[in-house]
Amino acid sequence: MARIHRPRGITLVGLLVLVLVLGVVFRSTVAANARALGVLSTTLRVPVAGWLTGVVTDEPRVADTTVAGAPSVVVRPGGGDGPWPAVVFVNGVTRRGRHHPDVRRLAIGLARAGYVVLVPDLPGLARGEITTRTLAQLIAVARAAAARSDARGGRVAFMGVSVGGTLALLAAGDQGLARRTTVVAAVAPYADLAEVIRLATTGRYRTGRRLVRFRAKPFLRLVVARSLVGGLAPGADRDKLRASLLAVPDDAEDPLAGLLAWPREQLAPEARALVSLLMNRDPARFDRLYARLAPAERADIARLSPIRGARRVLARVELASAPKDKYFPLAESRALAARVPDARLTVTSTLHHAVPRASFHDLADLYRFYAFVVRTLRDARTLADPGRRR
């Protein structure tokens with residue numbers, strides 16, 4: 001869900017020209033463009049430019065450790081003791097988590113640009129089991145990151161992709177973090193989990209009073225099911241359903257086929273209502289089946305929907321989404337941009353869900369994505385200054 005691929009057709013000369021053009025167009029400083037160039041060339045493995053970034057910057061210090069109870073990788077710039085702007089990066093659903101090479105390259109690129117970066121493995125995230133426990137752990141990690149002696153200003157920035165971007169937005173709205181968060185950069189997040197459930201089960205999502213067709217990849221259905229089952233009250237029903245779903249291959253074309261034969265009459269009412277919702281394909285029945293979920297389950301769904309607490313996010317928010325995403329409609333990002341007090345949405349076909357594929361085939365889209373990166377890195381640095389108060 002969050003893999004980053006090597007760009008096509010970008011050369012060192014091309015990138016340098018791009019930096020110069022963007023510096024004029026977006027009035028960014030040379031330093032801001034240099035940081036963005038360094039991060040992208042390292043992350044995307046741009047030939048020559050990535051090597052040059054490695055030559056002119058110190059080798060970052062990488063440590064696998066535990067932060068607030070979460071296994072994490074912490075990457076610091078190669079020289080000095082800081083303080084540096086602190087960044088918590090939240091990956092999407094990937095089995096390799098913080099060990100994914102693309103995630104490591106991004107963290108190293110950020111450290112080369114002068115940031116201290118924390119990448120936690122949050123409970124359930126690697127398996128696509130997103131629950132309130134996942135969010136609580138992220139909030140604990142972010143508080144620990146802001147409290148680090150090498151974190152500038154006692155503040156933290158969030159960067160996240162896919163469901164990681166959603167979790168970042170949720171954490172930034174936490175009462176203890178809202179005024180300590182500098183910027184949130186979220187690539188292809190969702191806004192309302194209830195609507196994502198509707199989409200995953202019925203192939204429709206609500207926009208205004210209309211239900212609109214949208215074909216998402218089957219993996220979304222599996223992630224929704226694992227997450228909802230993982231949020232059930234502890235007990236035999238949860239254990240059996242969870243084991244069944246975790247055994248389904250991530251690339252299954254019909255990931256919930258096994259639930260069809262499940263003896264629902266043997267389930268307690270709470271689990272039975274959830275299975276009925278997950279197996280429903282009729283848009284006309286969704287609201288009625290959703291209303292039958294246990295109040296605690298619906299409360300958790302609301303808690304995991306950043307649109308519900310959007311007004312509590314005081315940080316600057318940078319959103320980026322593709323015009324046609326394979327998991328979440330663009331309407332999700334637009335809803336967040338309209339609701340968060342200080343938000344900006346970048347729509348660019350450079351993104352394939354959370355994956356940037358940079359080329360010069362569409363310069364306008366590439367400009368937009370690059371400017372998104374420049375603004376994020378700039379705000380993570382300048383808003384961490386103790387003299388700058390939001």
Side-chain angles (χ1 to χ4, degrees), residues 2-4 6 31-46 48-91 94 96-122 125-126 137-138 140-161 164 168 171 177 180-183 185 373-374 376-386:
R3 290 179 297 171
I4 300 173
R6 184 172 179 170
N33 278 284
R35 284 191 292 271
L37 174 61
V39 171
L40 289 175
S41 63
T42 301
T43 305
L44 300 175
R45 293 180 292 178
V46 177
V48 182
W51 169 82
L52 182 60
T53 298
V55 169
V56 300
T57 60
D58 293 328
E59 187 67 26
R61 292 166 283 186
V62 181
D64 275 296
T65 183
T66 299
V67 178
S72 307
V73 61
V74 177
V75 188
R76 297 183 297 152
D81 298 317
W84 304 285
V87 174
V88 173
F89 177 76
V90 193
N91 52 260
T94 169
R96 301 173 75 176
R98 73 188 193 279
H99 296 298
H100 196 293
D102 295 335
V103 173
R104 285 283 177 127
R105 278 195 300 273
L106 174 60
I108 287 171
L110 288 167
R112 287 190 183 279
Y115 303 82
V116 55
V117 187
L118 292 82
V119 185
D121 273 341
L122 303 174
L125 183 56
Q137 186 71 78
L138 174 59
V141 169
R143 289 178 176 176
R148 288 175 61 94
S149 61
D150 57 2
R152 182 182 297 175
R155 296 182 175 188
V156 65
F158 287 99
M159 299 180 187
V161 296
L177 287 172
R180 303 174 71 185
T181 302
T182 54
V183 63
V373 175
V374 170
T376 297
L377 296 179
R378 178 199 63 202
D379 290 343
R381 178 174 294 272
T382 60
L383 296 178
D385 185 338

Using the side-chain contact (heavy atoms from CB on, under 4.5 Å) rule, take Val156 and Arg148 through it: C-alpha gap first, then chi angles, then the decisive distance, then the call.
CA-CA 10 Å; Val156 65; Arg148 288 175 61 94; over 6 Å; no
Give the C-alpha distance, both sets of side-chain angles, the deciding distance and a yes or no for side-chain contact (heavy atoms from CB on, under 4.5 Å) between Arg381 and Tyr115.
CA-CA 8 Å; Arg381 178 174 294 272; Tyr115 303 82; 3.8 Å; yes
Give the intermediate values and the outcome of side-chain contact (heavy atoms from CB on, under 4.5 Å) for residues Val75 and Val119.
CA-CA 8 Å; Val75 188; Val119 185; 5.9 Å; no
One pair to check against side-chain contact (heavy atoms from CB on, under 4.5 Å): Arg98 and Asp64. What are the steps and the verdict?
CA-CA 9 Å; Arg98 73 188 193 279; Asp64 275 296; 3.2 Å; yes
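Rounding to the nearest 0.5 Å places CD1 of Ile108 at 13.5 Å from CZ of Arg61. A distance of 9.5 Å separates CZ in Arg152 from OG1 in Thr382, rounded to the nearest 0.5 Å. Rounding to the nearest 0.5 Å places OG1 of Thr65 at 9.5 Å from CG of Leu118. In this structure, Leu125 CG and Thr94 OG1 are separated by 8.5 Å, a value rounded to the nearest 0.5 Å.
Residues Thr376 and Met159 form a side-chain contact, since some pair of their non-hydrogen atoms from C-beta on lies under 4.5 Å apart. Taking 4.5 Å as the limit, every side-chain heavy atom of Val73 sits out of range of all side-chain heavy atoms of Val117.
In terms of heavy atoms, Asp81 sits closest to Asp150 at O-CB, 3.6 Å. Considering all non-hydrogen atoms of both residues, Pro120 and Val88 come closest at CD-CG1, 4.2 Å. Here the shortest heavy-atom pairing between Ala145 and Ala86 reads O-CB, 4.3 Å. Summarising the geometry of Ala70 relative to Val141, their closest heavy-atom pair is CB-CG2, 3.8 Å, with the distance given to 0.1 Å. Among all heavy-atom pairs drawn from Phe89 and Leu106, the shortest one is CE1-CD2, 3.3 Å. The heavy-atom pair separating Leu177 from Ala142 by the smallest distance is CD1-CB, 3.7 Å.
Ion pair Asp379/Arg155 not flagged as a salt bridge, since none of the NZ, NE, NH1 or NH2 atoms sits closer than 4.0 Å to an Asp/Glu carboxylate oxygen.
In this structure, the side chain of Gln137 engages the main chain of Ala68 through a donor-acceptor pair within 3.5 Å.
Arg180 pairs by the side-chain hydrogen bond (donor to acceptor under 3.5 Å, both in side chains) definition with nothing, not counting sequence neighbours.
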